[in-house]
Protein chains: 2
Amino acid sequence: METGQREDQRTATERRRHELLEAAERVVLRDGPEASMNAIAAEAGITKPILYRHFGDKSGLYRALARRHTDALLATLRAALDSPGDRRDRVEATLHAYLSAIETRPQVYRFLMHPAETPAADGEKGFDVGRHSAPLLRRMGEDLGEVIAERLDLGPDGPLVARVWGHGIVGMMYAAGDWWLGERPCSRDQLVRMLADVLWGRLGAVDDRAGSQGF
Amino acid sequence: METGQREDQRTATERRRHELLEAAERVVLRDGPEASMNAIAAEAGITKPILYRHFGDKSGLYRALARRHTDALLATLRAALDSPGDRRDRVEATLHAYLSAIETRPQVYRFLMHPAETPAADGEKGFDVGRHSAPLLRRMGEDLGEVIAERLDLGPDGPLVARVWGHGIVGMMYAAGDWWLGERPCSRDQLVRMLADVLWGRLGAVDDRAGSQGF
DNA sequence: GACTGCTGTTACCGCTAGTAACCAGCACGT
DNA sequence: ACGTGCTGGTTACTAGCGGTAACAGCAGTC
């Protein structure tokens with residue numbers, strides 16, 4: 001029959017695509033984001049044009065590769081946001097979830113956060129102008145903003161405030177996490193607590209240091 | 001005399017270097033960070049090998065180019081951190097300084113924040129492992145951490161807390177600023193106030209929305 | 001048997017970063 | 001006057017990149 005045939009074809013090509021993605025992932029995790037299409041094709045046991053037939057573009061491949069991980073990460077963050085406890089518990093759980101993710105798979109994290117796209121000549125594909133990096137950060141910011149808008153009573157400008165906070169808090173998590181991942185100056189628990197402290201206003205509450213000109 | 005000779009030589013080559021940097025800046029600001037060495041050389045009225053004699057490497061050139069701007073930006077941030085007023089005023093002034101900088105010269109900002117390095121093969125130069133992006137963010141985080149450590153009384157773990165906060169707050173400023181610069185959903189004043197609100201603990205203080213499952 | 005749609009290939013293009021080899025001028029010491 | 005360095009500059013090249021055209025084989029459908 002025909003639909004069955006088509007179905008088989010579809011699943012077959014999707015399976016193939018999946019295989020290629022796995023090969024690409026292996027190479028990218030081994031060689032970093034600057035892995036060449038040749039290398040990826042070789043790892044998959046084929047040659048370049050097939051990759052281009054499947055993904056059209058290097059950034060297409062990378063986007064497909066990234067989407068899976070971003071989706072997974074965002075799902076775990078959403079789950080952490082719904083964890084039991086009071087608000088601070090939830091925030092800390094979310095920070096923990098994020099840091100745990102980047103800690104256990106730093107290579108994936110580096111790939112997602114620092115894709116280092118090189119549009120080179122044309123610049124037609126998707127990316128509008130200079131928008132070439134870190135869509136993960138944006139998506140996390142938007143997601144958190146949504147959750148905040150849903151759950152908190154922020155007055156007339158609520159939606160705007162929620163989005164600003166979403167992006168801001170995500171950025172705090174990102175930069176602190178990136179730095180922490182490189183230097184490992186303390187335990188994850190400590191880091192989470194210190195970041196939550198900032199969000200709970202300790203920066204505004206703590207005393208000036210004796211003898212300083214004040215801050 | 002000989003030392004005078006040497007002096008003239010030295011200043012001459014430095015002036016030349018400066019000229020080359022200015023030409024490079026013109027091209028980078030026009031074509032984005034993916035400007036080719038050929039284009040830069042052409043803009044300077046010379047050919048590639050001279051660029052390589054002066055800067056050794058593309059990333060060398062870009063680093064030299066970036067250093068000037070990062071130094072300038074960090075200086076203005078430091079100044080804002082020393083502005084008169086209470087602590088919240090200073091924080092808002094600093095946010096304003098940063099946002100104003102990225103707003104008035106978005107091209108420079110894009111270049112500094114998303115350099116899109118392509119180490120390609122060797123990977124010998126400077127950058128340790130996957131460390132290929134955004135040294136500006138790190139430097140801002142470290143600087144702010146220093147200032148916080150100097151001025152605030154943060155107890156026994158003070159230095160660590162200060163660094164965490166420095167990187168975290170800078171990250172918040174960065175991500176929110178990047179998003180704001182792209183979407184322009186509100187005025188700079190509003191953005192500054194909302195971010196300062198988070199830092200002053202409004203996230204922990206605001207009420208749950210009626211009917212939500214709580215946050 | 002002809003057509004379609006997938007698999008795959010080889011061989012190429014235009015571009016890039018980076019380099020080797022060479023040339024011209026100008027201040028030197030002799 | 002003569003070579004001797006040093007510097008700024010060039011042409012001409014390499015190796016590798018992303019990306020593509022053209023072609024070949026092999027399923028299943030009409």
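Side chains included, hydrogens not; waters and symmetry mates left out as well; all remaining heavy atoms used. It should be emphasised that the depicted structure is a prediction, and the values quoted were computed from it without experimental measurement. Below, chains carry the letters A, B, ... as their sequence lines are ordered, and counting in each starts from 1.
With rounding to whole Å, R15(B) atom CZ is found 13 Å from dG8(D) atom P. Atom-to-atom, OH of Y52(B) to C1' of dC13(D) comes out at 14 Å; the value is rounded to the nearest Å. The nearest whole Å value for the distance from the CZ atom in F55(B) to the P atom in dA17(C) is 15 Å. Counting to the nearest Å, the P atom of dC6(C) and the CD atom of E14(A) are 12 Å from each other. For the pair N38(B) CG and dC17(D) P, the computed distance is 19 Å after rounding to whole Å. Atom pair D31(B):CG and dT16(C):C1' shows a separation of 15 Å (rounding to whole Å applied). Atom CD1 of I40(A) is separated from atom P of dG18(D) by 8 Å (rounded to the nearest Å). Distance CD (E34(B)) to P (dC17(D)): 20 Å, rounded to an integer number of Å.
Within a 6.0 Å radius of CZ in R30(A), other residues, nucleotides and ligands contribute more than 12 heavy atoms.
Judged by closest nucleotide on DNA chain D, R53(B) is the one of S36(A) and R53(B) placed further toward the 5' end. Residue R16(A) is the one, among P49(B) and R16(A), whose nearest nucleotide of DNA chain C lies closer to the 5' end (criterion: closest heavy atom).
Aromatic pair F55(B)/Y62(B): ring centres not closer than 6.0 Å.
I46(B) comes within 4.0 angstrom of sugar-phosphate atoms only, judged by non-hydrogen atoms across all strands, and of no base.
Closest approach to the T47(A) side chain among dG18(D), dT19(C), dT9(C) is made by dT9(C) (side chain taken as heavy atoms from C-beta onward). Taking only side-chain atoms of I50(A), from C-beta outward, the nucleotide of dG18(C), dT20(D), dG8(C) with the closest atom is dG8(C).
At a threshold of 4.0 Å, the pair R193(B)-D157(A) does not count as salt-bridged, since none of the basic side-chain nitrogens sits closer than that to a carboxylate oxygen.
L73(A) and A101(A) get closest at one heavy-atom pair: CD1-CB, 3.7 Å. For the residue pair A23(A) and E43(A), the shortest heavy atom distance occurs at O-CG, 3.7 Å.
Residue H54(A) has no polar side-chain atom (N or O) positioned under 4.0 Å from OP1 or OP2 of dC6(C).
One N or O donor and one acceptor, one from the side chain of K48(A) and one from the base of dG18(D), sit under 3.5 Å apart.
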